[in-house]
Amino acid sequence: MRHITNGILENEQDSEEVINDTYMKLWDSIPPEQPRCLSAYSIRIARNTALKLLAHNHASKRDMRQSIVLSEIEECLPSQSSPVQEMEEAETLLLINRWLDTLSKKDRTLFMRRYFSLDSLENIASDFGMTPNAVSIRLCRARADLKQVLEKEDVTI
């Protein structure tokens, strides 16, 4: 959780606050909820909480880092104008998960670190012993492949 919240917030105090909030949300939600994977459930809560805090902290000015990361993948996301948006989102999520399963472990990890954890290219490159440019190229190829898979399945992009 700390790695993801630090990657999003880039502030140790805010990250610690989000982690504490996450523990409280877990405490409040787990009796009715029965998550299959506690770590994934915890990370999702921490990530969402960090993103909400980031939006709150930058309410008057949009965070450029988040905008850049999200703009990289926006061409692979379905349009928001569909009347059956919820069903399309679920189908798209299944397609993306199946596509992620086709990637090598390294490429899947790179993709998730960049687009789920909003980690910087420099951090990812450092952790994998790669250059930021090499990471960027692999991510570009992955996005192109994802876009092709989604278009093949007639997902409106």
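Looking only at side-chain heavy atoms (C-beta outward), E153 and E91 stay at 4.5 Å or farther from each other. Between H3 and D119 there is a side-chain heavy-atom pair separated by less than 4.5 Å. Between L118 and L51 the shortest side-chain heavy-atom distance falls below 4.5 Å. Proximity of L9 to E17: side-chain heavy atoms (C-beta onward) are nowhere separated by under 4.5 Å. Within the 4.5 Å cutoff, the side chain of K147 has heavy atoms near those of the E151 side chain.
Under the 4.5 Å side-chain contact rule for hydrophobic residues, L121 and I137 do not share a cluster. Criterion: ILVMFWY side-chain heavy atoms under 4.5 Å apart, direct or through other members. Under it, L38 and Y23 are part of a common hydrophobic cluster. No continuous path of ILVMFWY side-chain contacts below 4.5 Å connects I19 to M24, so the two sit in separate hydrophobic clusters.
Listed for the S117 side chain is no donor-acceptor partner under 3.5 Å among the backbone atoms of R114. When atom types are taken as modelled, the side chain of S126 and the backbone of E122 share no donor-acceptor pair closer than 3.5 angstrom. One N or O on the side chain of R108 and one on the backbone of L103 form a donor-acceptor pair closer than 3.5 Å. Using modelled atom types, one side-chain atom of R47 and one backbone atom of F116 make a donor-acceptor pair closer than 3.5 Å. With hydrogens and angles disregarded, no donor-acceptor distance shorter than 3.5 Å links the side chain of S136 to the backbone of P132.
To the nearest 0.5 Å, atoms CD (E12) and CD (E16) are separated by 7.0 Å. Distance check, rounded to the nearest 0.5 Å: CG of L139 to OH of Y115 gives 4.5 Å. Between the CD atom in E10 and the OG atom in S15 there is a gap of 11.0 Å [rounded to 0.5 Å]. Note that CG of D127 and CD1 of I124 are 8.0 Å apart. Values are rounded to the nearest 0.5 Å. Expressed to the nearest 0.5 Å, how far CG of N97 lies from CG of L93 amounts to 4.5 Å. For the atom pair CG (L146) and CG (L150), the distance works out to 4.5 Å, reported to the nearest 0.5 Å.
Other residues, nucleotides and ligands contribute at most 12 non-hydrogen atoms within 6.0 Å of the CD atom of Q148. The neighbour count for K106 NZ, taken as heavy atoms of other residues, nucleotides or ligands under 6.0 Å away, is above 12.
Nearest heavy-atom pair across S29 and Y41 is OG-OH, 3.0 Å. The minimum heavy-atom distance between M112 and L100, with the atom names listed, is SD-CD1, 3.9 Å. Looking at every heavy atom in both residues, R138 comes nearest to S104 through NH2-OG, 4.4 Å. T5 approaches A50 most closely through the heavy-atom pair CG2-CB, 4.1 Å. Here the closest heavy-atom approach between residue F111 and residue A142 is recorded as CD1-CB, 4.1 Å. Closest non-hydrogen pair, L53 versus V18, comes out as CD2-CG2, 3.7 Å.
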**Message:** If you apply the rule side chain to side chain contact (heavy atoms under 4.5 Å, CB included), what do you find for L110 with F128, and how did you get there?
**Reply:** CA-CA 9 Å; L110 293 173; F128 283 89; 3.7 Å; yes
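Under the side-chain contact (heavy atoms from CB on, under 4.5 Å) rule, I45 has a single partner from T49, I43, N48, which is T49.
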